[in-house]
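In listed order, ligands and their atoms are each counted from 1. The figures that follow rest on heavy atoms only: side chains count, while hydrogens, waters and symmetry mates do not.
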Amino acid sequence: MSVLVIIPAAGSGTRFGGPIPKQFQPLGGKPIVQYVVERFLLSGFVEKVVVAVTDALLVTVKQAPGDHVQFVAGGETRQQSVMNAFNAAGEDFDVVAVHDAVRPFFRLTTFAALIDAARESGAAFPGVPLTDTIHATRDGKLSATVDRSNLVAAQTPQVFRYDVLRDALERAMREKVDGTDEAGIAARYGYDVRVIAGDPHNIKITRPEDLALAQAHFEEWSAE
Ligand code: CTP
Ligand code: MG
């Protein structure tokens, strides 16, 4: 079985702010995205990692032929970045994982469970139950309270059979549907998308305070 990992890392991090995009902020002495790529390569499950980066960065990265890591130009949206990486990767894979560049704390045991589930059902993602009460609002006022008992927050890595992700991405592009994750797109086109228990530590670094949390968590994590 051959596993491809796609890492969208071409965002500008508007919510994080600052001059250096969040995926290049340091964690354990290296840029977060490098740390993430290395974790996948060292897992022993992964054949190839394709990283979508901005055009400006693409001209400065050295591409080693035959390497297990490939860099491609990202797109306007996360989904376009994923599509560009998918198209550049080649076809020789059974399973594809898509993982945010800014989620350094994914678990390899969860990744393995996701791969198994995706091979069986076509697609799988890690979800964590919500803990806050969720209200809908309108015009600055609470309009409805949402039943959270069936709600989960979607994390990555999200894993798909190769043909499932190809079909879902192609249909979404054709219909101009721009999703914030691929599990949602696969479900939209009728595929069975299984949810596997995620991990509250698998945070997406989105705002500056998330980086402080991640750096504090890092040493405890790497000692595991
Ligand atoms: N991403 C990407 N291409 C884009 C937009 C986002 O590859 N055009 C990537 C980001 O680099 C990140 C992941 O998608 O690794 C998750 O997106 P998000 O956390 O929203 O990052 P940004 O879009 O960079 O941040 P923001 O939404 O705050 O601008
Ligand atoms: Mg974004």
Q. Does Arg171 have any salt bridge (Lys or Arg N to Asp or Glu O under 4.0 Å) partners at least two apart in sequence or in another chain, and if so, which?
A. Asp167
Q.
Tell me every residue that passes salt bridge (Lys or Arg N to Asp or Glu O under 4.0 Å) with Asp163, counting only those two or more places apart in sequence or in another chain.
A. Arg161
Q. Ring centres of Phe93 and Phe86 under 6.0 Å apart?
A. no
Q: Could you label the plane-to-plane angle of the Phe105 and His217 rings as parallel, tilted or perpendicular, counting under 30° as parallel and over 60° as perpendicular?
A: perpendicular
Q.
Using 30° and 60° as the class boundaries, would you call the ring planes of Phe106 and Phe40 parallel, tilted or perpendicular?
A. parallel
Q | All salt bridge (Lys or Arg N to Asp or Glu O under 4.0 Å) counterparts of Arg103, not counting sequence neighbours | A | Asp100
(Q) Just to be sure I understand the cut-off, which residues have at least one non-hydrogen atom under 4.0 angstrom from an atom of ligand 1? (A) Pro8, Ala9, Ala10, Gly11, Ser12, Gly13, Thr14, Arg15, Lys22, Gln23, Gly75, Glu76, Thr77, Arg78, Ser81, Asp100, Ala101, Val102, Lys204
